[in-house]
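All chains are named by letter (A, B, ...) in the order of the sequence lines, taking the proteins before the strands, and each is independently numbered beginning at 1. Just so we're clear, the structure is a prediction, and the values are computed from it rather than from any experiment.
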Number of protein chains: 2
Amino acid sequence: MAHHDICADCAVRDQALCSSLTDVELQALNTLGRRRKIARGQTLIWAGDDSIICANLLSGVLKLVAATPNGREQIVGLLYPADFVGQPYAGQADFTITALTESELCIFPRDAFERVLEDHARMERLLLQRTLAALGIARTRILSLARQSAQEKIAGFLLDMALRATATGCRATPDGPMTFDLPLTRGQIADVLGLTIETVSRQMTRLKTAGVIALPGGRAITISDPDALQGRAEAA
Amino acid sequence: MAHHDICADCAVRDQALCSSLTDVELQALNTLGRRRKIARGQTLIWAGDDSIICANLLSGVLKLVAATPNGREQIVGLLYPADFVGQPYAGQADFTITALTESELCIFPRDAFERVLEDHARMERLLLQRTLAALGIARTRILSLARQSAQEKIAGFLLDMALRATATGCRATPDGPMTFDLPLTRGQIADVLGLTIETVSRQMTRLKTAGVIALPGGRAITISDPDALQGRAEAA
DNA sequence: CGCATTCTTGATGTACCTCAACACTAGTGG
DNA sequence: CCACTAGTGTTGAGGTACATCAAGAATGCG
């Protein structure tokens with residue numbers, strides 16, 4: 001009985017991969033999946049572990065972390081609600097996946113999930129499209145990491161976060177000043193942008209001093225002058 | 001008649017996506033595809049153009065280039081024989097694709113190719129698996145670009161190229177000294193690794209001076225001490 | 001041979017890192 | 001309620017890896 005309505009109250013039913021399935025088809029996944037909450041800082045998958053789970057992210061933010069043999073770390077991707085989590089068709093997981101905020105997932109055993117993919121071409125196609133999009137994003141980040149200055153990286157990142165904040169219900173127009181909470185610490189922002197925590201902090205205060213942003217305290221940020229920020233994201 | 005044997009002499013028949021098709025199925029693609037040679041330096045697809053072609057790379061090396069609004073460039077991916085080229089399900093191309101060496105492709109109109117994908121689940125699955133692999137590679141390069149020193153980048157790159165050279169028939173074992181030709185100029189290596197041409201050159205001579213590699217002239221390189229090179233690729 | 005491209009090497013600059021100290025915030029227990 | 005502490009953020013001083021600017025040496029093609 002409990003199983004039957006896992007998907008009924010799903011917040012991302014129409015945005016996740018499941019949107020490719022009819023209500024009837026959803027029953028199949030229903031019996032396979034189970035909900036799981038994980039706390040901030042908790043790791044879902046360790047790099048090197050057997051890749052045994054796939055999931056849809058229902059709420060929260062996850063980080064995808066790669067590390068060099070000698071321990072330097074880099075966040076190679078962020079996952080948001082409705083994003084697909086995991087590596088189907090892979091032996092071992094390539095990256096460590098950890099929760100940045102309290103998160104909720106809908107988890108499937110990898111092998112069972114692959115079988116569902118095989119039976120549902122629409123879903124497989126949707127996953128392909130998402131993977132292609134993720135590839136484009138990853139490659140764009142390669143450009144950004146290799147060729148942008150710290151200032152440009154920070155400005156671009158803040159615009160990204162602002163866009164995502166507006167997308168998540170906050171407000172419709174990205175023009176004009178807006179305030180929201182960053183879901184990442186300075187250290188995590190540094191890990192995303194390939195900088196150090198000090199450089200992130202300094203660039204933020206530089207933007208604050210220039211009147212482009214304000215930092216009301218806590219993890220909040222207000223974009224006072226989006227155009228100026230945009231300009232700094234593309235500065236020569 | 002000419003159409004009938006496009007695939008007959010295909011060098012990558014068993015490695016490209018087409019390996020998922022039976023000889024009979026191949027007939028369908030046969031009528032869609034056409035061979036095309038492009039010269040070194042010639043561009044196949046410009047970023048921003050409508051994404052209207054997909055292709056298999058038969059021979060040669062292509063670069064995938066991203067650029068910032070103000071003109072800085074970065075190679076975000078390299079494509080080798082049997083690799084898939086193009087962006088299905090995309091409106092515009094995200095990156096410029098240019099030949100680094102004379103290359104030969106087997107080209108399909110994108111819309112026709114997508115229809116083939118829809119009719120051939122095995123092929124679509126193979127493309128999904130390749131795209132997932134490419135995503136992993138791109139993310140690993142994010143780590144490398146953001147957190148590795150110039151020395152580590154160069155060492156890792158040379159090992160990569162050596163591996164690829166051995167894979168392409170040269171010799172079986174990657175141990176012991178080996179010589180091969182780099183398909184990229186110093187400038188292109190710099191574009192791949194997010195460095196400048198001068199830094200690439202300096203690091204190469206540093207490796208040469210240390211006796212780890214030798215540069216017999218031209219575009220040739222010999223890896224004299226693979227272990228030492230491996231060590232420098234992971235240096236603290 | 002001569003010209004263009006690629007490669008090397010040097011001198012100098014600077015953006016970012018490293019090390020270090022201190023301020024703020026938030027959660028804990030007395 | 002307020003000290004106490006751990007985590008997080010800010011700011012400064014100094015160093016360094018890489019970029020930039022500049023000149024010359026190889027290589028390769030017509």
Side-chain angles (χ1 to χ4, degrees), chain A residues 39-42 63 68 70-74 98 100-102 144-155 157-158 181-210 213-221 232 235-236, chain B residues 39-41 63 68 70-74 100-102 144-155 157-158 181-210 213-221 232 235-236:
Chain A
R40 177 182 148 87
Q42 201 181 331
K63 66 174 178 179
T68 61
N70 46 77
R72 277 166 287 174
E73 282 193 357
Q74 173 68 27
T98 305
L100 290 178
T101 67
E102 190 185 42
S144 144
L145 283 166
R147 300 295 181 194
Q148 289 194 290
S149 68
Q151 177 90 192
E152 291 168 294
K153 287 179 186 175
I154 294 281
F157 175 80
L158 292 179
D181 271 21
L182 291 173
L184 280 69
T185 68
R186 296 293 133 96
Q188 288 159 351
I189 295 173
D191 280 349
V192 170
L193 300 179
L195 301 169
T196 60
I197 192 171
E198 295 96 327
T199 301
V200 172
S201 188
R202 272 186 253 269
Q203 295 297 337
M204 295 280 260
T205 62
R206 197 141 95 82
L207 289 172
K208 188 178 73 176
T209 309
I213 63 171
L215 302 168
R219 207 142 289 170
I221 179 171
R232 280 163 196 264
Chain B
R40 176 182 149 86
K63 66 174 178 181
T68 61
N70 46 75
R72 278 165 288 175
E73 282 193 357
Q74 173 68 28
L100 291 179
T101 67
E102 189 185 42
S144 144
L145 283 166
R147 299 295 181 197
Q148 289 193 291
S149 68
Q151 177 91 193
E152 292 168 293
K153 287 179 187 176
I154 294 281
F157 175 80
L158 291 180
D181 271 22
L182 291 172
L184 281 69
T185 68
R186 300 284 189 267
Q188 287 160 352
I189 295 174
D191 280 350
V192 170
L193 300 179
L195 301 169
T196 60
I197 191 172
E198 296 95 330
T199 299
V200 172
S201 188
R202 272 186 252 270
Q203 295 297 337
M204 296 278 261
T205 61
R206 198 140 95 81
L207 289 173
K208 187 179 71 174
T209 309
I213 63 172
L215 301 169
R219 207 145 285 166
I221 180 171
R232 279 160 197 265

- Minimal non-hydrogen separation, A:Lys153 against A:Leu195, with atom names: NZ-CD2, 4.0 Å

- Look at all strands and tell whether B:Gly41 reaches a base, only sugar-phosphate, or nothing, counting heavy atoms closer than 4.0 Å. nothing

- Counting side-chain heavy atoms from C-beta on, which of D:dT11, C:dC16, D:dT10 comes nearest to A:Leu195? C:dC16

- Message: Tell me whether B:Arg219 at atom CZ has more than 12 heavy atoms from other residues, nucleotides or ligands lying less than 6.0 Å away.
- Response: yes

- Comparing nearest nucleotides in DNA chain D, the 5'-proximal residue of the pair A:Met204, A:Arg147 is A:Met204

- With heavy atoms under 4.0 Å as the rule, sort B:Gly218 into base, sugar-phosphate or nothing. sugar-phosphate

- Picking from D:dT10, D:dA22, C:dC19, the nucleotide nearest the side-chain atoms of A:Arg186 would be D:dT10

- Item | A:Leu215 side chain, from C-beta outward: closest of C:dT6, C:dA11, D:dT10 | D:dT10

- Task: Would you mind classifying the nucleic acid contact of A:Arg40 as base, sugar-phosphate or nothing, using non-hydrogen atoms under 4.0 angstrom?
- Result: sugar-phosphate

- Note on the structure: When rounded to whole Å, the CD1 to P distance for the pair B:Ile197 and D:dA26 reads 17 Å

- Is any side-chain N or O of B:Thr199 closer than 4.0 Å to OP1 or OP2 of D:dA19? yes

- Query: How close or far is atom C1' of C:dG10 from atom CZ of B:Arg206, stated in whole angstroms?
  - Reply: 16 Å

- What does A:Arg219 touch in the nucleic acid at a heavy-atom separation under 4.0 angstrom: a base, only the sugar-phosphate, or nothing? sugar-phosphate

- Item | Where A:Arg72 and B:Gln148 come nearest, the two heavy atoms and their spacing | NH1-CA, 4.1 Å

- Using whole Å, report how far CG of B:Leu193 lies from P of D:dA17. 18 Å

- Task: Nearest whole angstrom, please: distance from the P of C:dT6 to the CG of B:Asp191.
- Result: 12 Å

- Given side-chain contact (heavy atoms from CB on, under 4.5 Å), test A:Thr185 with A:Leu100 step by step and report yes or no. CA-CA 9 Å; A:Thr185 68; A:Leu100 290 178; over 6 Å; no

- Within the structure shown, what part of the strands sits under 4.0 Å from A:Thr205 by heavy-atom distance: base, sugar-phosphate, or nothing? sugar-phosphate

- Between D:dC18, D:dG12, C:dC7, spot the one nearest the side chain of A:Arg202, thanks. D:dG12

- Query: Taking the nucleotide of DNA chain C with the closest heavy atom to each, which residue, B:Gln188 or A:Gln148, is nearer the 5' end?
  - Reply: B:Gln188

- Item | The single option from B:Gln151, B:Gln203, B:Glu152 passing side chain to side chain donor-acceptor pair (under 3.5 Å) against B:Arg232 | B:Gln151

- Query: How long is the line joining CD1 of A:Ile189 and C1' of C:dC16, in whole Å?
  - Reply: 17 Å

- Nucleotide nearest A:Thr185 when distance is taken to its side chain, options D:dA19, D:dT8, D:dT11: D:dT8

- Rounded interatomic separation in angstrom, taking CD1 from B:Ile213 and P from C:dC7: 13 Å

- Rounded to the nearest Å, what distance is computed from the CD atom of residue B:Glu198 to the P atom of nucleotide C:dT12? 16 Å

- Note on the structure: Rounded to whole Å, CG of B:Asp181 lies from C1' of C:dC7 at a distance of 16 Å

- Note on the structure: side-chain contact (heavy atoms from CB on, under 4.5 Å) test vs B:Gln74 passes for just one of B:Leu145, B:Leu193, B:Val192, namely B:Leu145

- Query: Among the nucleotides D:dG9, D:dT20, C:dC17, which one has an atom lying closest to any side-chain atom of A:Ser201?
  - Reply: D:dG9

- Message: Between the base of C:dC16 and the side chain of A:Gln203, is there a donor and acceptor pair under 3.5 angstrom?
- Response: no

